[in-house]
Amino acid sequence: MKPRLLSGMQPSGMLHLGNWLGALQNWVALQDRYDCYYMVADLHSLTTGYDRTAAMPERVKSLVLDWLAAGLDPDRCVMFVQSAVAEHSQLALLLGMITPLGWVERVPTYKEKLRELSEREIQTYGFLGYPVLQAADILLYAAAGVPVGQDQLPHLEMTREIARRFNHLYGPVLVEPEALLTEAAVLPGTDGRKMSKSYGNVISLSDAAEMVEQKIRSMQTDPARVRRTDKGHPEVCPVFTLHRYFTPADAVAQIEIDCKSAALGCVDCKRWLAKSVNTALEPLRERRAVIEQAPGMVQEVLAAGAVRARSAAGATLHRVSAAMHLDYTQREDGYGGDPGPGLAPSVPADSVAQPIPGQST
Ligand code: SF4
């Protein structure tokens, strides 16, 4: 039995090269070593975008299309939408009851994001509670590991703290997840700043080859290199940084030499980069073309994923509810009536979360 892992992405539009190298390639590699649950975090996206939900179904679809094109395989991992598994909301509510306010207020990204998104009305209960929902996501699947970057460690530590507090109050039910530290690549965008949708400087995984060429043609280079005969400084050039990720190492070494001696011009250098990026994206384009020939495939993948996710999440919620003496549907005192959607487990009562090997529960 492989250890279980949970990770998620918000459906905020088409994925780009930064998302691919920063997370998605790692997800694809992890499929064979872990029992992977990959979640479309649509509830999380409400914390900052609760007033813009009309395009949500389309964004969910486009995200999962990118996942499949990048090589996530529904036979080797579970892909599901967070809101399709009601247990996420239910466990978040229960964990919210035991989470001290000070814990969520001290999360470093809370104040940082409030500042970053000061134009939006996000001083909400939901936004403050983001880390509790995240804890529920992870703890529901008894995930042994969570792939995180250094900057997300405080979030994971809070999940571990919440699990410990729960287990202290109600008994050993929740599994404390370990961090699978990943060094996330940070790619420059076409304007030299970090590649990010909010800067409008991305090369999307779904861009056609011509679009990739066009975007790379417009990229910033070494600002000191004004004339073709000027010697370049590749270390400050975003085009060169992308070469490091997409062009074979021996060729990158030659580019560095030729840029510094002005033997290579920026136009040719960019043409070269476009070719390297398009070569890397070609397998994704081929898979995308196959998927697009099968209408309904994304929906089928997500529907099957939701069933598997509900089964795992329901087992944990059942144990949590029982530990908190809230499992009315299983009692004979007449409070519960028919199992309804409330706290009723969505799996049979005799189904329990399986402990992860090597983890104490
Ligand atoms: S030759 Fe390439 S690496 Fe050198 S400045 Fe031009 S684009 Fe950048």
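This one's a predicted model, so the numbers in the text were calculated from it and none came from an experiment. When a ligand or atom number is given, it counts from 1 through the structure's own listing order. Starting from 1, each residue takes its place in the sequence as its number.
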Practice prompt. Give a yes/no answer: is there an N/O/S atom of Cys269 under 2.8 Å from atom 8 (Fe) of ligand 1?
Written response: no
Response to the item:
Which of Val81, Val85, Asp137 passes side chain to side chain contact (heavy atoms under 4.5 Å, CB included) with Met39? Answer is Asp137
Item to complete: Write out the residue and atom name of the closest protein heavy atom to atom 6 (Fe) of ligand 1, then the distance separating them to 0.1 Å.
Response: Cys266 SG, 2.3 Å
Worksheet item: Can you tell me which residue and heavy atom of the protein come closest to atom 1 (S) of ligand 1, and the distance to 0.1 Å?
Response: Arg225 NH1, 3.1 Å
Worksheet item: For the residue pair Phe80 and Tyr141, does the interplanar ring angle fall in the parallel (under 30°), tilted (30 to 60°) or perpendicular (over 60°) class?
Response: tilted
Discussion item. Need the ligand 1 atom indices (1-based, order shown) with element for anything under 4.0 Å from a heavy-atom of Thr221.
Written reply: 7 (S)
Worksheet item: How close does the nearest protein non-hydrogen atom get to atom 4 (Fe) of ligand 1, and which residue and atom is it?
Response: Cys259 SG, 2.3 Å
Worksheet item: Side chains of Lys231 and Lys260: does their closest heavy-atom pair fall under 4.5 Å?
Response: no
Discussion item. Between Arg76 and Asp73, does any side-chain N to carboxylate O distance fall below 4.0 Å?
Written reply: yes
Discussion item. As an exercise, identify every atom of ligand 1 less than 4.0 angstrom from a heavy atom of Phe240.
Written reply: 3 (S)
Worksheet item: Just wondering, is there an N, O or S atom on Cys237 that's nearer than 2.8 Å to atom 6 (Fe) of ligand 1?
Response: no
Item to complete: Number the atoms of ligand 1 from 1 as they appear, then name those within less than 4.0 Å of a heavy atom of Val239, with their elements.
Response: 7 (S)
Discussion item. What's the separation between atom SG in Cys266 and atom CZ in Arg217, rounded to the nearest 0.5 Å?
Written reply: 14.5 Å
Worksheet entry | Under-4.0 Å salt bridge between Arg310 and Glu87 | no
